[in-house]
Amino acid sequence: MNRGYWLAGAALVLSSTVVLAQRAPESILPSSGNTPAPNPAPAASPAPAASPAAPAGQSGEVVQPLPGAPEPVDTSGIDLSDIPSVEELEAMSTAELDDVLGLKPRFDIPPAARRSLSRVGVIAASEGGLPPLSLANQPAGLVRATLGGIRGPMVSRWGHILMRRALASRLDAPQGMSPIEFATLRVRVLNSMGEYAAARAVVQDIDTANYSPALTQAAVDAYIGTADIVGACPSVLLGTGTDEIANWAMLEGICAAFAGESQRAQNDLRRLLSRAEGDARIDVLLAQRFAGAAGDGRRAVTIEWDGIDSMTPWRFALANALGEPLPENLTDDLGATYLISEAITPALPVTQRIRGADVAAASGVLSAKAIVDLYGQLYAARTDAGEGPALTTASRLRDAYVDPSPANRVAAIRDVWSGSDADYGRMVLTAYAAARVTPSEDFADDAGELIASMLTAGLERDALRWADAVETGSLGWALLALANPRSGTVSDGQLDTFFDDDDSQNSRKSRMLLAGLAGLGRVGEGDIAEYSQRLEMNLGAPTRWTQIIDRAAAVENRALVAYLAGLGMQGDSWDRMTARHLYHIVSALNRVGMEAEARMIAAEAVARA
């Protein structure tokens with residue numbers, strides 16, 4: 001409803017009240033019995049000059065005439081049918097009245113502390129971020145299409161790490177795009193990758209009053225992903241969202257409670273509960289429990305999961321924030337996004353966080369040090385944790401680090417690898433333990449996996465110690481040929497040996513090795529043509545995406561190359577990645593100075609193909 005209509009209605013109500021008051025005047029002075037004593041009379045002063053005598057029949061007193069009827073309110077141009085009634089005004093909440101009357105604040109910080117929108121992000125160039133002007137002269141349509149096309153996780157752990165850094169860098173918006181839209185696109189991609197903590201950091205770099213409804217929606221998703229419900233309250237209280245945002249009404253109730261309006265919050269949530277049907281009732285009950293933790297609003301709320309057979313981010317986040325146990329039927333088959341959210345929520349007990357640790361590490365959300373720390377916490381709390389597969393893994397991981405026998409340490413590493421279906425996540429877990437193993441021919445059969453484990457954490461120097469212990473044409477040799485920053489050209493005979501011994505499905509490891517070496521410029525043109533024909537693939541076949549990423553590399557635009565690489569690495573498994581895409585990604589990254597990322601992505605492709 002038009003704000004002017006509301007104000008006109010309020011004016012009519014107020015003016016009618018004035019008329020009634022004027023028709024029945026009433027003294028506002030205290031009664032004579034309570035009247036203070038008069039002050040002493042002042043000293044006599046000279047008498048004023050005599051005034052002309054009053055006309056006959058009149059006294060010298062001046063009587064003020066009673067006021068007449070007030071001027072009518074000008075309602076021209078206003079549709080009176082849209083003016084709210086007195087009953088509607090009385091039914092409005094405090095926030096609604098503030099909004100109608102223009103009393104709601106637009107900013108939650110003083111003017112001197114407000115931040116510029118010229119560069120949004122949390123990683124400066126001096127801290128490893130991308131140059132701030134990387135996209136300043138790029139067409140907005142290209143950046144919008146690239147970021148808008150990324151809607152899921154990356155197949156590559158190292159590709160994920162690269163994208164996170166590129167998206168969180170402190171950058172100027174592209175030409176023709178507002179900084180808020182640019183930030184919204186980046187936050188959405190971070191959320192789709194499971195990088196809720198990074199997405200929250202980016203939105204917190206922007207003053208809440210500058211949020212658009214789209215950015216508010218992305219921010220709410222980030223806060224829910226980190227179970228930080230109250231973090232969304234500044235945007236809720238300033239009204240930067242809309243009712244179209246899922247659970248917005250419940251967020252308003254929660255935020256009102258934490259703003260000190262507990263009674264209003266409970267009343268609003270009760271109304272929502274009375275209108276909720278089916279599974280939606282559990283959402284409101286969780287919101288009531290959360291709001292009840294604020295101030296004087298504490299009240300008993302019983303959470304019953306009977307009949308609830310589906311999980312939503314809202315239910316998952318609120319239950320985790322409240323410490324409310326989730327029923328097994330809702331947690332037996334959680335998706336990757338829920339597991340990642342669980343792993344990065346520090347308020348949860350370590351026994352619950354460990355459930356999603358492998359998935360979070362394999363995707364790139366958790367570093368090798370972070371996942372080792374989680375298992376270390378579990379082992380430290382083993383007395384209270386009880387028996388279980390995770391505790392067994394934690395115990396064997398400790399053996400992989402501290403057992404005095406190298407053979408026993410390698411055996412413990414193997415046990416850690418075989419303890420879960422998330423094999424690559426376990427390789428991330430053992431990266432530093434594998435780096436402690438001294439290269440030896442005794443472990444030749446495990447050399448490839450040990451090297452792959454070290455490379456998940458970027459421990460290339462430790463991996464290169466195995467260069468003399470691996471056989472030419474083996475998996476370990478292939479990984480080192482890609483990961484070594486000073487590696488030379490690979491010969492035809494070396495490639496032939498690896499291809500002959502490759503037992504992967506459809507020779508995928510050989511395809512990825514050739515694509516990675518070609519992208520890094522470590523194989524001759526003749527060998528590329530020969531083995532491409534042998535493997536029945538064409539690395540140079542052009543597509544619209546390959547043409548754009550090659551052009552971005554030609555002008556050495558690192559940010560655009562990183563975004564386009566992320567666009568080409570979408571998927572939930574390496575089966576979705578083709579050798580042609582890998583070749584163009586590795587080649588483009590290598591040409592713009594991101595050789596380290598190119599080498600790690602190529603080595604990961606061979607290890608996981």
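Predicted, not measured: the structure shown is a model, and the values here were computed from it. Counting begins at 1 with the first residue of the sequence.
With a 4.5 Å cut-off on side-chain heavy atoms, Arg580 and Asn538 do not count as touching. Val187 has its side chain out of reach of Asp221: every pair of non-hydrogen atoms, C-beta onward, lies at least 4.5 Å apart. Residues Thr393 and Leu429 form a side-chain contact, since some pair of their non-hydrogen atoms from C-beta on lies under 4.5 Å apart. The side-chain heavy atoms of Lys369 and Val372, taken from C-beta on, include no pair separated by under 4.5 Å. Gln570 has its side chain out of reach of Val155: every pair of non-hydrogen atoms, C-beta onward, lies at least 4.5 Å apart. With a 4.5 Å cut-off on side-chain heavy atoms, Arg426 and Ser453 do not count as touching. The side-chain heavy atoms of Leu251 and Ile229, taken from C-beta on, include a pair separated by under 4.5 Å.
Judged purely by distance below 3.5 Å, without hydrogens or angles, the side chains of Arg264 and Asn267 never pair a donor atom with an acceptor atom. Side-chain polar atoms of Asn191 and Glu195 form no donor-acceptor pair below 3.5 angstrom. Under the 3.5 Å distance criterion, with hydrogens and angles disregarded, no donor-acceptor pair is assigned to the side chains of Ser587 and His584.
With sequence neighbours excluded, the residues that form a side chain to side chain contact (heavy atoms under 4.5 Å, CB included) with Ala124 are Ser126, Glu127, Arg170. Every ring pair (Phe, Tyr, Trp, His ring centres under 6.0 Å) that Phe258 has, sequence neighbours left out, goes to Phe290. Take Arg200 and apply the salt bridge (charged side-chain N to carboxylate O under 4.0 Å, His left out) test, not counting sequence neighbours, and it matches Asp228. Every salt bridge (charged side-chain N to carboxylate O under 4.0 Å, His left out) that Arg599 has, sequence neighbours left out, goes to Glu460, Glu595. Checked against side chain to side chain contact (heavy atoms under 4.5 Å, CB included), Ala559 has the following partners two or more places apart in sequence or in another chain: Leu130, Ser134, Leu135, Asn557. Shown here are the salt bridge (charged side-chain N to carboxylate O under 4.0 Å, His left out) partners of Arg508, two or more places apart in sequence or in another chain: there are none. Legend: residues meeting ring pair (Phe, Tyr, Trp, His ring centres under 6.0 Å) with Tyr583, ordered by chain and number and at least two apart, are absent. Contacts of Arg275 classified as salt bridge (charged side-chain N to carboxylate O under 4.0 Å, His left out), with partners at least two apart in sequence or in another chain: none. With sequence neighbours left out, Ala598 forms a side chain to side chain contact (heavy atoms under 4.5 Å, CB included) with Leu520, Val586, Leu589, Asn590.
Enclosure of atom CZ in Arg576 is not indicated, since only 12 or fewer non-hydrogen atoms of other residues, nucleotides or ligands lie within 6.0 angstrom. Heavy-atom contacts from other residues, nucleotides or ligands closer than 6.0 Å to CG of Asp332 number more than 12.
Taking CG from Asp172 and CE from Met177, the interatomic distance works out to 13.0 Å, rounded to the nearest 0.5 Å. Interatomic distance, CG of Leu190 versus CG of Leu147, reported as 9.5 Å (0.5 Å rounding). Atom CZ in Arg157 sits 8.0 Å away from atom CD in Glu604 (nearest 0.5 Å). Expressed to the nearest 0.5 Å, how far CG of Leu215 lies from CD1 of Ile206 amounts to 5.0 Å.
Within the structure, ring-ring contact (aromatic ring centres under 6.0 Å, His included) contacts touching residues 120-168 (residues at least two apart or in different chains) do not occur. Sequence neighbours left out, not one pair with a member in residues 181-215 passes ring-ring contact (aromatic ring centres under 6.0 Å, His included). Under the ring-ring contact (aromatic ring centres under 6.0 Å, His included) criterion, the residue pairs touching residues 324-360 are Phe316-Tyr338, with sequence neighbours excluded.
Between Arg353 and Glu342, none of the side-chain N atoms (NZ, or NE/NH1/NH2) sits under 4.0 Å from a carboxylate O, so this pair counts as no salt bridge.
Shortest non-hydrogen contact noted between Leu273 and Gln288 is CD2-OE1, 3.8 Å.
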